[in-house]
Each structure stands twice: as structure tokens, then as C-alpha cells.
Amino acid sequence: MADDTDLPEEVALLWGLREAPRKGPKPTLTVADITRAAVAVADAEGLAAVSMSRVAAELGNSTMALYRHVRSKDELLVLMADVALGDPPDLPADGDWRSGLTLWTHSIVAVAKHHPWFARLPITGPPIGPKNLAWFESALTALSGTSIEEGEKVGIVMSLLTYVHGQIRLGSELAAGYAENPDAFSRQYAAALARVVDPRRMPALSRVVAAGVFDVDSLLDDQDVDAEFDFGLVLFLDGVSGYLAAHDPSSAVSAPTP
């Protein structure tokens with residue numbers, strides 16, 4: 001068993017610090033090769049298609065050759081979750097915290113759109129891989145011009161990450177539901193609400209229904225979904241701005257005028 005001074009196995013794997021196998025022939029694969037192949041399989045066929053045997057076939061190697069470097073599919077998913085992020089965006093040197101976090105957030109969403117399976121990866125702990133920590137550093141850098149406590153900066157970044165991942169995962173699951181039953185997201189939904197929502201029991205929701213908010217061809221129009229995400233982001237950043245106004249007035253930045 002590793003002592004307290006040793007890195008956890010997962011951390012050592014992510015950072016390329018796990019001791020390479022000594023027995024057997026010289027390895028022809030690397031962890032990076034295996035991870036890239038796994039990402040390629042997921043991009044082409046979906047996350048469910050990723051297995052040690054499928055990735056081995058992608059590489060033209062035996063499954064056992066992979067196990068010399070990556071011990072399980074769970075380890076492979078951990079590697080994929082880090083590598084798929086790529087590098088964070090370069091924040092403008094003369095930008096404020098708000099523009100920096102906005103760019104950072106939209107860049108994560110772009111990753112999720114490029115790798116649709118990313119939203120289905122399990123989240124097993126705080127950021128620890130090279131790419132994840134680079135993104136963490138980037139977001140904290142956006143807040144470096146403020147004078148709030150370091151722990152407060154972490155709280156803002158983690159809260160923003162919760163919003164982003166929540167929206168990405170919800171969007172992914174709704175998209176899957178839409179693919180199975182698009183009618184559930186059509187005007188049929190508005191019609192059903194009009195039938196079952198009693199204005200005496202649900203007056204607020206009744207007013208929304210009466211206003212025709214859900215009376216649209218599709219509740220999952222890409223432009224509407226993006227607009228809703230940006231609306232939520234503005235609300236979140238407005239909250240941060242209000243917090244900074246109370247705790248660090250010099251750092252408060254208002255939302256840009258459309």
C-alpha cells in the first residue's frame with residue numbers, strides 16, 4: 001500500500017508518474033496513444049462503444065498490451081475526461097474578470113459540443129489532471145485582479161463550473177430524449193400543460209402557459225438553448241458582480257450592454 005508521501009494511483013497515471021512495467025518486451029504504446037485512440041472511438045461511435053478491446057483494435061494491438069499501461073476502463077475514462085478538455089483559452093491581458101470568465105465558460109461549452117460524450121463522463125472528484133488544473137488556473141487567473149480571498153475565488157470558480165456542467169449534462173439528456181420523442185418537445189407540450197394546469201392551484205405556472213412561453217415548434221431549438229444558457233450565465237455573473245461590489249468595489253463589472 002502506498003504511504004502518505006506517495007501520489008494516489010489516479011494522480012500518478014494522469015501526470016505520467018506511474019512506474020512503467022519492467023517485465024516483458026519493450027512497450028510499443030504509451031498512455032497518450034491509448035487515450036487519443038479512446039477519444040477517437042468515443043467521437044466516432046459514442047462513449048458506450050469505448051472498451052479496452054475496442055481501443056486495442058483501434059490501435060492494432062492486443063487488449064493485454066493496453067493493460068500494461070491502463071489497468072481498467074475506469075482509468076481510461078479518467079484519462080479521457082482530462083485529455084478531451086484540451087488547453088484553456090488565452091485570456092486577454094487587458095480584460096476584466098467578467099470577460100475572462102465568459103470566454104472561459106463558452107470555451108468549456110465548445111469542448112462539450114465537440115465531444116458530445118463528454119457530458120456523460122462520471123465526475124469522481126475535484127480537478128487533478130494536467131488539463132483540468134490548467135483550466136482551473138485559467139479561471140482563477142481571470143479573478144486575479146480582484147482583492148477577495150483566495151478561497152472566495154475558488155468558490156466562484158467551482159460554483160460557475162457547477163452551473164456549466166449542470167447545463168451541459170441537462171442539455172445532453174434532453175437531446176437524447178428529443179431524439180427518441182421529438183413530439184414531447186413540440187407544441188404538444190404546451191397543449192398538455194393547458195389541459196392539466198389549474199390556475200387556482202398553480203397560478204404562476206398558469207400565467208406562463210397563458211403567455212405562450214411553451215407554445216413553440218420546438219423547445220430544443222439550438223439558438224434558444226444557447227440563449228437560455230447565456231441568460232443563466234449573465235445572471236450568475238451579475239451575482240458575482242454584486243458580491244464583488246460589496247466586498248471589493250474596485251473589481252465590480254457590469255454586464256456589457258447588448
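Keep in mind that the numbers below use all heavy atoms, side chains included, and drop hydrogens, waters and symmetry copies.
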Novice: Between Ser107 and Pro89, what is the shortest heavy-atom contact and its length?
Specialist: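 Between these two residues, the closest heavy atoms are OG-CG, 3.3 Å.
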Novice: Taking atom CD as the centre, does Glu149 end up with more than 12 heavy-atom neighbours from other residues, nucleotides or ligands that are less than 6.0 angstrom away?
Specialist: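 Not more than 12 within 6.0 Å, no.
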Novice: Might you point out which heavy atoms bring Gly177 and Phe185 nearest each other, and give the distance in Å?
Specialist: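 What the structure gives for the nearest pair is C-CE1, 3.6 Å.
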Novice: Out of curiosity, Ile168 CD1 to Leu161 CG, how far, rounded to the nearest 0.5 Å?
Specialist: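 Between atom CD1 of Ile168 and atom CG of Leu161 there are 8.5 Å.
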Novice: Could you grab the distance from atom CZ of Phe136 to atom CD1 of Ile128, nearest 0.5 Å is fine?
Specialist: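 So the CZ of Phe136 and the CD1 of Ile128 are separated by 10.0 Å.
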Novice: Does NZ belonging to Lys113 count more than 12 external heavy atoms closer than 6.0 Å?
Specialist: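 Not more than 12 within 6.0 Å, no.
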Novice: Do Thr124 and Glu10 have side-chain heavy atoms sitting under 4.5 Å apart?
Specialist: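 Yes, close enough: below the 4.5 Å cut-off.
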Novice: Side chain to side chain contact (heavy atoms under 4.5 Å, CB included) for Ser144 and Trp97? Distances and angles first, verdict last.
Specialist: CA-CA 8 Å; Ser144 62; Trp97 65 266; over 6 Å; no
Novice: Considering only heavy atoms from C-beta outward, does the side chain of Val234 approach that of Asp238 to under 4.5 Å?
Specialist: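 Sidechains of Asp238 and Val234: in contact.
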Novice: As an exercise, state the distance from CD1 of Ile156 to CD1 of Ile148, rounded to the nearest 0.5 Å.
Specialist: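 Those atoms lie 3.5 Å apart.
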Novice: I want to check something: taking the side chain as every heavy atom from C-beta on, are Leu47 and Met80 in contact at a cut-off of under 4.5 Å?
Specialist: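 Yes. Closest side-chain heavy atoms under 4.5 Å.
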Novice: Under 4.5 Å between side-chain heavy atoms, counting indirect links through other Ile/Leu/Val/Met/Phe/Trp/Tyr residues: same cluster for Leu170 and Trp117 or not?
Specialist: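 Different hydrophobic clusters.
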Novice: For His69 and Asp33, which I'm curious about, is there any donor-acceptor pair between the side chains at under 3.5 Å?
Specialist: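 Looking only at side-chain atoms, Asp33 and His69 do not form any donor-acceptor pair under 3.5 Å.
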Novice: Can you tell me how far the CG atom of Leu140 sits from the CD atom of Glu150, to the nearest 0.5 Å?
Specialist: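 Taking CG in Leu140 and CD in Glu150, the distance rounds to 7.5 Å.
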Novice: Could you tell me whether a side-chain N or O of His115 sits under 3.5 Å from a main-chain N or O of Val111, the two making a donor and an acceptor?
Specialist: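 It does not hold such a pair.
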Novice: Are Met52 and Val70 packed together at the side-chain level, in the sense that at least one heavy-atom pair is separated by less than 4.5 angstrom?
Specialist: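 Side chain of Met52 against side chain of Val70, heavy atoms only: contact under 4.5 Å found.
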Novice: Give a yes or no on whether Tyr178 atom OH has more than 12 heavy-atom contacts from other residues, nucleotides or ligands under 6.0 Å away.
Specialist: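 Open.
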Novice: Quick check on the hydrophobic clustering: are Leu101 and Leu133 connected, directly or via other members, by side-chain heavy-atom contacts under 4.5 Å?
Specialist: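 Leu101 and Leu133: one cluster.
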Novice: Does the distance from a Lys or Arg side-chain N to an Asp or Glu carboxylate O, for Glu75 and Arg18, drop under 4.0 Å?
Specialist: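 Result for this pair is yes, salt bridge flagged.
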Novice: Please assess Lys131 against Asp82 for the test salt bridge (Lys or Arg N to Asp or Glu O under 4.0 Å), listing each intermediate value before the final yes or no.
Specialist: CA-CA 6 Å; Lys131 299 299 186 183; Asp82 195 63; over 6 Å; no
Novice: Does any part of the side chain of Leu143, heavy atoms only, come nearer than 4.5 Å to the side chain of Glu152, both counted from C-beta?
Specialist: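 Side chain of Glu152 against side chain of Leu143, heavy atoms only: no contact under 4.5 Å found.
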Novice: Would you check if Leu91 and Ser138 make a side-chain contact, meaning some heavy-atom pair closer than 4.5 Å?
Specialist: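 Yes, their side chains come closer than 4.5 Å.
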Novice: Is Val31 reachable from Leu17 through a run of I, L, V, M, F, W or Y residues, each pair having side-chain heavy atoms under 4.5 Å apart?
Specialist: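 Yes, Leu17 and Val31 fall within the same hydrophobic cluster.
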Novice: Backbone N or O of Met158 within a donor-acceptor pair of the Thr162 side chain at under 3.5 Å?
Specialist: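 Checking the backbone N and O of Met158 against the side chain of Thr162, a donor-acceptor pair under 3.5 Å is found.
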Novice: Can you find a heavy atom in the side chain of Val78 that is under 4.5 Å from one in the side chain of Leu13?
Specialist: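 No. Closest side-chain heavy atoms not under 4.5 Å.
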Novice: Starting from the C-alpha separation in whole Å, work towards a yes-or-no answer on side-chain hydrogen bond (donor to acceptor under 3.5 Å, both in side chains) for Asp230 and His106.
Specialist: CA-CA 9 Å; Asp230 287 340; His106 285 156; 2.8 Å; yes
Novice: Closer than 3.5 angstrom, by distance alone: can the side chain of Ser241 be matched with the main-chain N or O of Leu237 as a donor-acceptor pair?
Specialist: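 No.
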Novice: Taking all atoms of both residues into account, what is the closest heavy-atom pair of Ala81 and Asn132, and its distance?
Specialist: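 Closest approach of Ala81 to Asn132: O-ND2, 3.8 Å.
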Novice: Are Leu121 and Val83 connected into the same hydrophobic cluster when the rule is that any two of I, L, V, M, F, W, Y join if their side-chain heavy atoms are below 4.5 Å apart?
Specialist: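 Looking at the clustering, Leu121 is in a separate group from Val83.
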Novice: Will you find, in the side chains of Asp87 and Trp135, an N or O donor that is under 3.5 Å from an N or O acceptor?
Specialist: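 There is no such pair (donor and acceptor under 3.5 Å, judged by atom type) between the side chains of Asp87 and Trp135.
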Novice: Say you draw a straight line from CG of Leu193 to CZ of Arg195; how long is it, rounded to the nearest 0.5 Å?
Specialist: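 Between Leu193 CG and Arg195 CZ, I get 12.0 Å after rounding to 0.5 Å.
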Novice: Taking C-beta and beyond as the side chain, do Leu160 and Leu233 meet within less than 4.5 Å on heavy atoms?
Specialist: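 The answer is yes, as the side chains (C-beta and beyond) meet within the 4.5 Å cut-off.
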Novice: Verify the cluster assignment for Met64 and Leu66: are they in a single hydrophobic cluster under the rule of side-chain heavy atoms below 4.5 Å apart?
Specialist: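 Both belong to a single hydrophobic cluster.
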Novice: Please name the pair of heavy atoms, one in Ser172 and one in Ala119, separated by the smallest distance, quoted to 0.1 Å.
Specialist: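 Minimum heavy-atom separation between Ser172 and Ala119: CB-CB, 3.7 Å.
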Novice: Looking at Val209 and Ala190, what are the two nearest heavy atoms and their distance?
Specialist: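 Between these two residues, the closest heavy atoms are CG1-O, 4.5 Å.
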Novice: Taking the basic N atoms (NZ, or NE/NH1/NH2) and the acidic carboxylate oxygens, is any pair closer than 4.0 Å for Asp198 and Arg200?
Specialist: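 A salt bridge is present here (some side-chain N lies under 4.0 Å from a carboxylate O).
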Novice: For Asp183, is there any backbone N or O sitting under 3.5 Å from a side-chain donor or acceptor partner on Ser186?
Specialist: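 Looks like yes, one N/O pair under 3.5 Å.
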Novice: Given Glu58 and Arg54, is the salt bridge (Lys or Arg N to Asp or Glu O under 4.0 Å) satisfied, shown in steps?
Specialist: CA-CA 6 Å; Glu58 182 77 7; Arg54 177 65 186 86; 3.2 Å; yes
Novice: About how many Å separate CD1 of Ile108 and CG of Leu85, when rounded to the nearest 0.5 Å?
Specialist: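 With rounding to 0.5 Å, CG (Leu85) is 7.0 Å from CD1 (Ile108).
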Novice: If we ignore hydrogens and angles and just use 3.5 Å, is the side chain of Ser99 paired with the main-chain N or O of Gly95 as donor and acceptor?
Specialist: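 No, Ser99 side chain to Gly95 backbone: no donor-acceptor pair under 3.5 Å.
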Novice: Answer yes or no: is there a donor N or O on one side and an acceptor on the other, between the side chain of Thr102 and the main chain of Arg98, under 3.5 Å?
Specialist: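 Yes: the side chain of Thr102 pairs with the backbone of Arg98.
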Novice: Which of parallel (below 30°), tilted (30 to 60°) and perpendicular (above 60°) describes Phe214 and Tyr189?
Specialist: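 Perpendicular, since the angle between the ring planes exceeds 60°.
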Novice: Taking Arg120 first and then Glu173, would you say they form a salt bridge - that is, a charged N and a carboxylate O separated by under 4.0 Å?
Specialist: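 Result for this pair is no, no salt bridge flagged.
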Novice: Please name the pair of heavy atoms, one in Leu103 and one in Pro92, separated by the smallest distance, quoted to 0.1 Å.
Specialist: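 Shortest heavy-atom contact: CD2-CD, 4.1 Å.
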Novice: Let me see the working for Phe236 and Phe231 under side chain to side chain contact (heavy atoms under 4.5 Å, CB included), right down to the final yes or no.
Specialist: CA-CA 9 Å; Phe236 178 89; Phe231 179 64; over 6 Å; no
